[in-house]
A.B. asks: 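My questions will all concern the structure given below.
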Amino acid sequence: MDKTFQPAAIETRWYQEWENRGYFQPQGGDQAYSIMIPPPNVTGSLHMGHGFQEAIMDALIRYHRMSGFNTLWQPGTDHAGIATQMVVERQLEAEGLSRHDLGREKFVEKIWEWKEQSGGNITRQLRRLGASLDWSRERFTMDEGLSKAVQEVFIRLYEEGLIYRGQRLVNWDPALHTAVSDLEVLSEEEQGHLWHFKYPLSSGEGHLIVATTRPETMLGDTAVAVHPEDERYAHLVGQSITLPLSGREIPIIADDYVDPEFGTGCVKITPAHDFNDYEMGQRHGLEMINILDDNAAINEQAPAAYVGLDRFEARTRIVADLEQLGLLDKIEPHTLKVPRGDRSGVVIEPYLTQQWYVDAKSLAGPAIEAVENGDIQFVPKQWENTYFSWMRDIQDWCISRQLWWGHRIPAWYDDAGNIYVGKDEAQVRAQNKLPESLTLRQDEDVLDTWFSSALWTFSTLGWPDNTEELATFHPSSVLVTGFDIIFFWVARMIMMTLHFRKEVPFHTVYVHGLVRDAEGQKMSKSKGNVLDPIDLIDGIDLESLVDKRTAGMMQPQLAAKIEKATRKHYPEGINAYGTDALRFTYYSLASTGRDIRFDIGRIEGFRNFCNKIWNAARYVLMNCEGQDCDANGAGEVELSLADRWIISELQQTKAAVAKAMASYRFDHASQALYEFVWNQYCDWYLELSKPVLWDDEASEAAKRGTRRTLIRVLESTLRLLHPFMPYITEEIWQTVAPLAGQSGATIMLQPYPLYDDKGVDSAANADIEWLKGVIEGLRNIRGEMNIAPGKSLSVLLRNAGESDKSRLEKNAASLKKLAKLESIRLLADGEEAPIAATALVGELEILVPMADLIDKNAELQRLAKEVEKLEKELQRIEGKLNNPAFVDKAPEAVVAKERSKLQAQQQALAKLREQKQRIELM
RNA sequence: AGGACUAUAGCUCAGUUGGUUAGAGCGCUACCUUGACAUGGUAGAGGUCCCCAGUUCGAAUCUGGGUAGUCCUACCA
């Protein structure tokens with residue numbers, strides 16, 4: 001074995017082995033455990049957030065697989081309609097082509113080509129992370145089976161009246177030429193203006209002043225509204241004004257939506273271009289005039305002077321023209337929220353179009369109930385509120401997208417505008433008895449990607465066919481996801497699954513935090529602070545990292561800034577830490593918080609932890625390989641106190657990990673394991689094994705017992721660690737297992753260690769605690785007194801009780817070795833104690849004679865510090881016990897505890913004071 | 001505007017049903033290449049648990065009110 005752990009040398013080898021041998025496939029078992037991967041975008045790449053999420057799922061999966069469940073982790077990707085189409089369109093653009101130049105069929109072919117070419121990226125990354133997905137079952141939202149499911153769902157919902165087509169105002173992305181759902185629109189505050197215009201009354205007697213942030217929409221105004229109780233305008237309601245530029249006469253109406261306090265209290269109403277105005281238009285039966293085209297340029301409904309102008313050009317022109325007419329009252333700076341497409345970044349227009357909708361309200365009822373009655377539980381629970389608040393006010397879901405990449409809507413139209421929904425044209429004709437002569441054309445649109453994602457848990461298992469997998473693995477056990485897609489995905493999955501399967505898609509939703517950079521910033525390409533998990537595994541030099549972060553940017557002007565920041569944060573690039581260290585870092589950060597700051601310092605610590613495990617194994621193997629470790633359990637074996645103690649500690653660790661896993665506290669699991677391996681097994685047990693193994697006097701049974709304990713505890717620990725650190729544990733386990741009497745081809749299919757109360761040994765625990773106390777007392781004297789570590793000490797014990805005496809007897813060898821003692825013995829009866837530095841373990845006094853090695857003043861200082869600490873503590877306890885209210889009202893156990901504390905501390909204090917005095921008299 | 005969450009060591013974070021001397025990792029200081037490991041060992045320093053008030057014998061923990069930050073939802077033209 002190398003002196004340091006080299007992850008790169010083993011990771012790929014083991015992953016290939018696992019995959020080739022089919023270990024990731026369900027292995028049987030009484031109970032099923034399944035997780036459906038939240039499908040990443042097929043043409044994308046994994047970022048730190050994905051890495052975090054996959055690591056969590058893999059830990060759950062490996063844990064349950066080892067625990068004997070019939071375990072499936074279902075892999076797959078989605079087609080990410082808009083994102084993917086955009087990428088390919090941009091590639092075409094580079095060749096000076098648009099998708100229209102190619103035509104629909106050719107263009108979709110191109111996307112498939114791109115998918116084939118780039119689709120392996122994600123799955124390659126997942127493999128590098130050690131994700132034990134059953135690749136033999138990999139699915140894609142656009143593959144045949146899932147498309148069939150999508151079609152089936154659409155048709156059935158249509159037949160049940162839960163999908164309908166209607167003309168509504170939608171969020172229109174003028175760059176992508178498609179409707180997007182309200183979830184895909186992000187509103188941010190931006191600086192704009194508030195333009196005040198004079199609208200002349202048709203009566204010719206004066207004007208009203210309206211304010212707007214979007215002057216161009218005035219071409220589509222069909223009313224001006226005031227508040228019904230606004231006395232200033234009450235007399236004008238029912239009259240009309242003559243709309244400037246268009247010359248149309250439009251009514252003045254009253255509606256309590258209007259806030260009389262804002263602006264002038266008069267609002268221009270444009271029902272075809274504003275969501276609130278749309279509703280008001282409905283209430284008042286107003287005309288809807290659409291003045292934009294698909295590009296958000298002015299259409300021919302508007303006066304000729306503006307037709308064809310882009311919306312922002314038209315804005316400038318209209319303001320200028322109104323000013324010229326003397327109708328511009330004033331312009332004020334104004335902060336407003338501007339809605340932008342999350343993909344395109346352009347300003348979204350409310351736009352009147354024909355779209356398909358899902359009646360979400362009807363589907364929401366059972367979905368709310370499933371969470372209310374606990375069929376589905378969120379972890380942490382507070383996310384249920386987020387879910388409820390959205391579900392209880394849910395809007396119908398616009399599912400049609402004016403894209404070419406996606407599931408085409410299975411609807412056909414005849415020239416009379418009749419709609420026929422079915423599997424294909426032939427079936428539609430047959431079902432509706434349509435003559436051959438009737439021309440039908442299929443709807444041009446495709447479905448929202450989330451529509452197919454909503455079916456993910458059951459479509460991946462073969463639905464609508466009644467497959468065995470569906471029966472076995474559905475509902476899935478848990479969904480692991482970020483809170484940012486509770487609405488997009490989780491809620492819709494619950495609705496769809498309940499409707500079609502009459503069962504929940506998953507029993508638990510584990511909501512994890514969002515990975516941010518070390519400064520708490522969200523990682524994003526435009527900020528240039530994204531990290532590729534693979535770069536933390538393999539390492540990356542500075543220049544490559546800069547190139548990677550500044551390549552292919554939407555806004556190249558940011559490149560310089562990103563380069564600077566990158567050079568500042570990673571002047572040396574990023575070291576290679578390996579997958580296990582990265583994964584363990586993720587777990588250590590997976591608490592209940594919403595934000596996860598990823599600090600490079602953390603991963604370094606866990607890389608060191610891997611190295612610690614590696615070297616501990618090296619030590620164990622050095623002492624066990626070729627030796628009798630009682631692998632077959634036949635030899636005579638004597639277990640030392642230390643052996644019994646570490647076995648006992650191992651049980652506590654098993655229990656802690658099991659508890660942590662049951663509550664999704666991966667941070668607690670990782671903490672418990674780290675603490676056990678480093679602070680107990682390595683720091684104490686390995687050290688305690690040395691005096692036995694290196695002692696020529698020790699019996700063969702004792703040596704065998706220690707070797708057996710060394711190797712078996714290590715073997716169990718590797719299994720305990722495996723779900724979190726798959727590679728290093730497999731690598732070491734291969735050599736360790738046979739020595740520990742375990743056989744098997746791989747650690748990943750071994751049983752997960754279970755807490756065994758027979759292993760718990762409180763007597764051994766107490767003895768070792770005593771031993772640690774004595775050693776730590778001595779080390780403290782050494783450290784504080786600057787006694788050279790190489791210097792052997794002769795130590796005396798005073799005031800030893802019976803248990804101290806027997807413990808001393810049992811542990812003398814260990815004590816000598818670990819505290820580097822020349823000798824240690826009890827002070828004989830009547831023997832006068834020499835002047836010495838003192839440490840206390842309970843009532844036992846440990847004396848290090850000062851003779852020539854201890855500095856008087858240093859010892860006095862050290863004692864003073866101890867005395868002060870005790871005095872403070874005593875004061876606190878006395879205060880408590882002198883308070884009658886405390887003694888009367890606090891539970892007896894608490895009072896008793898304080899009393900015994902008081903006594904112990906008083907004794908200790910007395911001894912230290914006495915000691916201090918003696919030294920002062922020296 | 002409504003709601004949620006967060007505030008603990010220099011940094012990143014744990015802290016169970018109120019009772020601990022408030023913990024861990026990283027960083028810091030001193031010493032140490034002893035035969036698993038310097039990606040290491042030993043010892044140590046470091047906290048007004050954001051502020052104020054309340055409940056309680058007792059509050060990092062519970063309640064109310066502030067302050068600061070983050071996020072979500074809905075939005076005023």
A.B. asks: In whole Å, what separates the P atom of B:rA9 from that of B:rA77?
C.D. replies: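 After rounding to an integer number of Å, I get 42 Å for this pair.
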
A.B. asks: For a quick test of reading the model: is some side-chain N or O of A:Y674 closer than 4.0 Å to OP1 or OP2 of B:rG25?
C.D. replies: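 No, because none of the side-chain N or O atoms of A:Y674 sits under 4.0 Å from OP1 or OP2 of B:rG25.
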
A.B. asks: So, OP1 or OP2 of B:rC26: does either fall under 4.0 Å of a side-chain N or O from A:R602?
C.D. replies: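 False: A:R602 side-chain N/O out of range (4.0 Å or more) of B:rC26 OP1/OP2.
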
A.B. asks: Taking the P atom of each, how far is B:rG44 from B:rU6, in whole Å?
C.D. replies: 35 Å

A.B. asks: Can you check the distance between B:rU20 and B:rU67, where both ends of the measurement are the P atom (answer in whole Å)?
C.D. replies: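 It comes out at 33 Å once rounded to the nearest Å.
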
A.B. asks: Could you tell me whether the phosphate oxygens of B:rU42, OP1 or OP2, come under 4.0 Å of any side-chain nitrogen or oxygen in A:R782?
C.D. replies: no

A.B. asks: Looking at A:K690, I'd like to know whether one of its side-chain N or O atoms comes within less than 4.0 Å of OP1 or OP2 on B:rA36.
C.D. replies: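 The answer is yes; a side-chain N or O of A:K690 sits under 4.0 Å from OP1 or OP2.
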
A.B. asks: Just by distance, with hydrogens left out, do A:N611 and A:T4 show a side-chain donor and acceptor under 3.5 Å apart?
C.D. replies: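 Looking only at side-chain atoms, A:T4 and A:N611 do not form any donor-acceptor pair under 3.5 Å.
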
A.B. asks: Below 4.0 angstrom from OP1 or OP2 of B:rU42, is there any side-chain N or O of A:K820?
C.D. replies: no

A.B. asks: Stems in RNA chain B: runs of 3 or more consecutive Watson-Crick or G-U pairs, distances under 3.5 Å?
C.D. replies: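 RNA chain B forms these stems: B:1-7 with B:67-73, B:10-13 with B:23-26, B:28-32 with B:40-44, B:50-54 with B:62-66.
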
A.B. asks: Can any side-chain N or O of A:E384 pair as donor or acceptor with the backbone N or O of A:F378 at less than 3.5 Å?
C.D. replies: yes

A.B. asks: Does a nitrogen or oxygen in the side chain of A:W678 sit under 4.0 Å from OP1 or OP2 of B:rG41?
C.D. replies: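 The answer is yes; a side-chain N or O of A:W678 sits under 4.0 Å from OP1 or OP2.
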
A.B. asks: Distance check, C1' atoms only: B:rC28 and B:rG66, in whole angstrom units.
C.D. replies: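 Going atom to atom, C1' in each nucleotide, I get 36 Å.
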
A.B. asks: Is A:R594 close enough to B:rC13 that one of its side-chain N or O atoms is under 4.0 Å from OP1 or OP2 there?
C.D. replies: no

A.B. asks: Between A:N615 and B:rG40, is there a contact of a side-chain N or O with OP1 or OP2 at under 4.0 Å?
C.D. replies: no

A.B. asks: Can you spot which of A:I613, A:D683, A:L673 makes a side-chain contact (heavy atoms from CB on, under 4.5 Å) with A:W678?
C.D. replies: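 Among the candidates, only A:D683 passes.
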
A.B. asks: Expressed as a whole number of Å, how far does the C1' atom of B:rC11 sit from that of B:rG46?
C.D. replies: 13 Å

A.B. asks: Apply salt bridge (charged side-chain N to carboxylate O under 4.0 Å, His left out) to the pair A:R214 and A:E349, showing each step before the final yes or no.
C.D. replies: CA-CA 11 Å; A:R214 306 175 60 215; A:E349 284 293 337; 2.5 Å; yes

A.B. asks: In this structure, which one of A:L322, A:V319, A:I331 forms a side-chain contact (heavy atoms from CB on, under 4.5 Å) with A:P215?
C.D. replies: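 Going through A:L322, A:V319, A:I331 one by one, the side-chain contact (heavy atoms from CB on, under 4.5 Å) with A:P215 is satisfied by A:V319 alone.
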
A.B. asks: Look at the side chain of A:E687 and decide which nucleotide, out of B:rC76, B:rC57, B:rC37, has an atom nearest to it.
C.D. replies: B:rC37

A.B. asks: Tell me the interatomic distance from A:N611, atom CG, to B:rC37, atom C1', rounded to whole angstroms.
C.D. replies: 6 Å

A.B. asks: Mark this stacking check for A:W694 against B:rG35 as yes or no, applying ring centres under 5.5 Å and ring planes under 30°.
C.D. replies: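 Stacked: ring centres under 5.5 Å, planes under 30°.
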
A.B. asks: The side chain of A:V258 lies closest to which of these nucleotides: B:rA77, B:rA36, B:rA14?
C.D. replies: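 So the side chain of A:V258 is nearest to B:rA77.
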
A.B. asks: Taking only the side-chain heavy atoms of A:S187 (C-beta and beyond), determine which of B:rC32, B:rC75, B:rA36 contains the nearest atom.
C.D. replies: B:rC75

A.B. asks: Does a side-chain N or O of A:K901 approach OP1 or OP2 of B:rU21 to a distance below 4.0 Å, or not?
C.D. replies: yes

A.B. asks: In whole Å, measure the gap between the P atoms of B:rG25 and B:rU42 for me.
C.D. replies: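 These two P atoms come out 11 Å apart once rounded.
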
A.B. asks: Send over the distance from A:I775 CD1 to B:rG41 P, rounded to a whole Å.
C.D. replies: 16 Å

A.B. asks: Take atom CD of A:E776 and atom C1' of B:rU42, then tell me their distance rounded to the nearest Å.
C.D. replies: 11 Å

A.B. asks: Looking at A:H334, I'd like to know whether one of its side-chain N or O atoms comes within less than 4.0 Å of OP1 or OP2 on B:rA77.
C.D. replies: yes

A.B. asks: If I pick the P atom on B:rG41 and the same atom on B:rU34, what distance separates them, to the nearest angstrom?
C.D. replies: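 Pairwise P distance, B:rU34 against B:rG41, rounds to 14 Å.
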
A.B. asks: Under 4.0 Å: is that the gap between some side-chain N or O of A:N780 and OP1 or OP2 of B:rG44?
C.D. replies: yes

A.B. asks: Hey, does A:D888 reach any base, or is it just sugar-phosphate, or nothing, if we go heavy atoms under 4.0 Å?
C.D. replies: nothing

A.B. asks: Roughly how many Å is it from CZ in A:F487 to C1' in B:rC72, rounded to a whole number?
C.D. replies: 7 Å

A.B. asks: Is it true that a side-chain atom of A:W614 and a backbone atom of A:D2 form a donor plus acceptor pair closer than 3.5 Å?
C.D. replies: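 The answer is yes, because a donor-acceptor pair under 3.5 Å joins these two groups.
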
A.B. asks: Would you compute the distance between atom OH of A:Y199 and atom NZ of A:K268 and round it to the nearest 0.5 angstrom?
C.D. replies: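 One gets 5.0 Å once the value is rounded to the nearest 0.5 Å.
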
A.B. asks: If only side-chain N and O atoms count, and only distance matters, is there a donor-acceptor pair under 3.5 Å linking A:Q903 with A:S900?
C.D. replies: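 The criterion, which ignores hydrogens and geometry beyond distance, is not satisfied for A:Q903 and A:S900.
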
A.B. asks: Any salt bridge (Lys or Arg N to Asp or Glu O under 4.0 Å) pairs touching residues 328-340 of chain A, not counting sequence neighbours?
C.D. replies: A:E190-A:R340, A:K330-A:E332

A.B. asks: May I ask you to evaluate whether A:T4 reaches the phosphate of B:rU39, defined as a side-chain N or O under 4.0 Å from OP1 or OP2?
C.D. replies: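 So the side-chain polar atoms of A:T4 never come under 4.0 Å of the phosphate oxygens OP1 or OP2 of B:rU39.
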
A.B. asks: With P as the reference atom in both, quote the distance from B:rG64 to B:rC13 in angstrom, rounded to an integer.
C.D. replies: 26 Å

A.B. asks: OP1, OP2 of B:rA77 versus side-chain N and O of A:K268: anything below 4.0 Å?
C.D. replies: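 Indeed not, no polar side-chain atom of A:K268 lies that close.
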
